[in-house]
Student: 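The structure follows.
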Amino acid sequence: MLINLLKFRFKNALQGWIDDPHAVLDLIRPSQDPKFGDFQANLAMPLGKQLGRPPREIAAEILKGLEIGDLCTEPEIAGPGFINLRLRDNVLAEFLQKALADRDRLAVPLLGEAEKKRILVDYSAPNVAKAMHVGHIRSTVIGNALAHILKFLGHEVITDNHIGEWGTQFGMIIYGYRHFLDRTAYEANPVLELSRLYREVRRRVDEPGSTLGPLVLEETAKLHHGDPENLALWNEFVPVCMQEIDRMYKRLGIRFDHTLGESFYQPMLAPLVEELLKNGIARETEGAVGVFLEGEEVPMLIRKKDGAFLYSTTDWATIRYRIREFRPDTILYVVDFRQSHHFQQLFAAAGKTEAHPPELVHVKFGTVLGDDGKAFKTRSGDTVGLESLLDEAEQRAFQIVAANDDAKPVEAGLLTEDERRETARRIGIGALIYADLSQNRESDYVFSFDKMLAMNGNTATYMQYAYARVQSIFGKGNCDPETLRDLKEPIRLNDPRERALALELLKFDEALESAVRDFRPNQLTAYLFELANRYSTFFEQCPVLRAESESVKTDRLRLCDLTARTIRKGLELLGIQTVERM
RNA sequence: GCGCUCGUAGCUCAAUGGAUAGAGCAACGGAUUUCUAAUCCGUAGGUUACAGGUUCGAGUCCUGUCGGGCGUGCCA
C-alpha cells in the first residue's frame, strides 16, 4: 500500500527524462535502519551511472520534480545518493483507519483482473505404502500456506493431493503381505503392519546378492496389468491407509479441493505411451520406452521393459489431465529438491505434447537432516512418524499451558480442562507448522525435537501470546473492539513505539506479496515475528488501559485491535490458529 | 566423471545487488506488588569457506579452488 503510493509518485517525477521508470522503481524499499527513514529510494546511483552524472545530483533533480510533500516530511539525500523518506504521521493514521475499517481484508488490496491467475498447487502427496513421517510435513505445510496466501491475494487456487498409491512400493507391500505377514499385527493396526512389511521387503531387496527385486517388480507389474488378486489387495490396503492419512490432515487443519491419486491416471498411461511412440516423441530403448530430451545424457523412461509404467508417465498424464480439466495458468509442485532433475525432464517433456503448457514451477524444499548432517533417521533407523510428532507437540504444549495457568492468580480466571487441551493443541501444532515455515524452504534443516517444538523466541507461540495479550486488554477494559473500527477521529501517534508498530502494521500486504513472489512463506513468518516484536515493545512501554488520557487510550486500543487482527489473519494464512487466552 | 545445490556468530537459521551482515537458542547483566515474564531492555559473539573478477556498490552475480549434500535409464 504505502510503497506503491511512493512508487507512483516517483514514476510521475521520472516520467519524461528517464526512458523506463519502471525498471528502477523496484529500488524504492523499506529502510533497513530507522535512522534512514521509513523508506529509501536507491535509484539515483544506477541512474547516475546511466546518465554519466553524479548520483547525488540526480537525486536532487528527482526531488525537484517529486510531488510528495503531502505524504512525507522533507526527503534527505544521504551517502552516495540514497533518498530517505519519512512518512507523515497523518498519512500513517489515514491508512490505519482504512485497515481498521476493513473487516475482512485489513485493506490488503485484491489483485486486479489482469494479474489474477488460476494456480493449481500440488502438495503433500504422501505415499500410502509408508506411514507419513517428518519429511512429509514440509510439503504439506508449505503447500497449504502458499495456497492460502495466493487465494487471499485474489488468485484462483486449486489444490490437489497427488497421492502415491500405484508405484513399486505397492509391489513390495503385496510381496511382503504374501510372505512375511504378521496376521495379528495386521488386524490390530493394518497401516503399521503394512509399513513394517514395506521396510522388511525393502531391507531384503537391498541386501547384497538379493534375488527378491524381480519378484517384487513382478507384483507391481501384475497390479498394473489388472491382475484381480493384486487388485483386490490394493483395494483392501488403500482405504485403511487413506483413513490414517486423513486423520493427520484433520489434526493439521488441512483440506484439499481434489485428491486424485496416481491410480486415477492409470487408464491414461498406456494410451499416452502409444501416442508418444506413434508420433515419434518417445522411442524404444533397451526394451523400455523413453523420451530423449535435448541436453540430457539419459532418456526419461516412461515404460519399463516389463510393461509397468513409471512416475514420469503418471506425472505426464497428470499434467495433460490438469490442463484439460482445470486450465491452470500455473502449476506449483511442492516437492523435495531431490526431484529437481525429474521435474526438469518432465517440464521439458510436457512442452513436446502441449501446445500451450501452463507455467510449471517446482517449488522445491530441502531435506530434513539428523544431527550428523545425513537424512534424518531415528536411532533404530526409522523415520519419525508424523503422528508421534503431533502427539509430542501437543503434550509438550499441554505441560507449559498447565504450568502457566496454575501460576496465575486465581482472579485471572483459570482455564477449564477442555480449554487447556484445546489451547495446547493449537499451540503445539502451531509450533510445529511454524518451525517448518520459518525456514527458507530451499535449505535443508537439521531436525531437533526441541527446536521444532520450541515455544519461545521466534515461534508461533510468540505471536499467539501477543494476540492473547491484546484480547486480555479488551477483556479487562470491557471494550468491544468493534466499536473502534469506524471511528472518524484521526489516530495520533505520539510515542515512537506507537509509530513503529503502526508502520509495521501497514506492511502486511507487502509481506504477503513477498511470500508468494518466490513462494517463500518464511517471508510472512519473518514479518509476523517483527510485528509481534514491535507489539511486545509497545505493550511494555505504552500503557493502554491506564493511558494518560481517554483519547490516547482509544488510539492505543485501535492499534491493539489492528495488531491482533493482523496476527490472526497472518497466522491463519499459514495454517496456524490463535487462542483467546493462554 | 558429469549435472544441480549448499558453505553466514558456539548452535539453528535470516538477509528482492544497496548504507555499519541481522534474529532465535545458548552465555552474561538488568527489569516483575504486571493492561499475562510464553515478555522486555542491555552486553558479548563475524575476514559471510578460500582466491580472483564484474559493479558506483557483492553474503548475493561470474570464474577457479576446497569442503558437504543430492542427482546421474527401468524407485518415487
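Quick note: numbers below take in every heavy atom, side chains included, and nothing from hydrogens, waters or symmetry partners. Being a predicted model, the structure only gives us computed values, none of them experimental. Each chain gets a letter, A, B and so on, in the order its sequence line appears, and its residues count up from 1.
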Student: Would you kindly give the CD-to-P distance between A/Gln541 and B/C41, to the nearest whole Å?
Tutor: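 Taking CD of A/Gln541 and P of B/C41, I get 8 Å after rounding.
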
Student: Decide yes or no, distance alone: a donor-acceptor N/O pair under 3.5 angstrom between the base of B/A14 and the side-chain of A/Gln439.
Tutor: no

Student: Would you verify whether the NZ or CZ of A/Arg441 falls within 45 degrees of the ring axis of A/Phe519 while also being under 6.0 Å from that six-membered ring's centre?
Tutor: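 No, A/Arg441 does not sit over the ring of A/Phe519.
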
Student: Testing the 3.5 Å rule here: is there a donor-acceptor pair between the side chains of A/Glu165 and A/Ser263?
Tutor: yes

Student: Using the test salt bridge (Lys or Arg N to Asp or Glu O under 4.0 Å), find all partners of A/Glu419 that sit at least two apart in sequence or belong to another chain.
Tutor: A/Arg581

Student: Which one, B/G24, B/C74, B/G73, comes nearest to the side chain of A/Asn458?
Tutor: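 Nucleotide nearest to A/Asn458's side chain: B/G24.
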
Student: Is there a residue in residues 339-349 of chain A whose heavy atoms reach under 4.0 Å of RNA chain B, and which residues are they?
Tutor: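 Residues of residues 339-349 of chain A under 4.0 Å from RNA chain B: A/Gln339, A/His341.
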
Student: Among residues 523-539 of chain A, which residues get a heavy atom nearer than 4.0 Å to RNA chain B?
Tutor: A/Gln523, A/Phe529, A/Asn533, A/Ser536, A/Thr537, A/Phe539

Student: Counting any heavy atom closer than 4.0 Å, what does A/Ala468 reach on the DNA or RNA strands: base, sugar-phosphate only, or nothing?
Tutor: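 A/Ala468: base contact, heavy atoms under 4.0 Å.
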
Student: Give every donor-acceptor pair under 3.5 Å between a side-chain atom in residues 215-223 of chain A and any protein atom, sequence neighbours left out.
Tutor:
| unit_1 | atom_1 | unit_2 | atom_2 | d |
| --- | --- | --- | --- | --- |
| A/Glu219 | OE1 | A/Arg178 | NH1 | 3.0 |
| A/Glu219 | OE1 | A/Asn230 | ND2 | 3.0 |
| A/Glu219 | OE2 | A/Arg178 | NH1 | 3.4 |
| A/Thr220 | OG1 | A/Val216 | O | 3.3 |

Student: With A/Arg568 as the cation and A/Tyr467 as the aromatic partner, state whether NZ or CZ is under 6.0 Å from the six-membered ring centre and within 45° of the axis.
Tutor: no

Student: State whether A/Phe82 and A/Lys35 meet the cation-pi test: NZ (Lys) or CZ (Arg) under 6.0 Å from the six-membered ring centroid, and within 45° of the perpendicular axis.
Tutor: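 No, A/Lys35 does not sit over the ring of A/Phe82.
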
Student: Over how many whole Å does the gap from A/Lys364 atom NZ to B/C6 atom C1' extend?
Tutor: 13 Å

Student: What parts of residues 392-400 of chain A reach RNA chain B, counting only heavy atoms under 4.0 Å away?
Tutor: A/Ile400

Student: In terms of side-chain heavy atoms of A/Asn456, which of B/C25, B/A19, B/C75 is nearest?
Tutor: B/C25

Student: Pairs counted as Watson-Crick or G-U wobble with both distances under 3.5 Å: what dot-bracket string results for RNA chain B, using | for bases tied to another strand?
Tutor: (((((((..((((....[...)))).(((((.......))))).....(((((..]....))))))))))))....

Student: Look at all strands and tell whether A/Pro55 reaches a base, only sugar-phosphate, or nothing, counting heavy atoms closer than 4.0 Å.
Tutor: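 No contact.
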
Student: Under the criterion of centre distance below 5.5 Å and interplanar angle below 30°, is A/Tyr462 classified as stacked on the base of B/A38?
Tutor: no

Student: Under 5.5 Å centre to centre and under 30° between planes: does that hold for A/Phe82 and the six-membered base ring of B/G18?
Tutor: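 No.
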
Student: Is there a donor N/O on one and an acceptor N/O on the other, under 3.5 Å, for the side chain of A/Thr459 and the base of B/G24?
Tutor: no

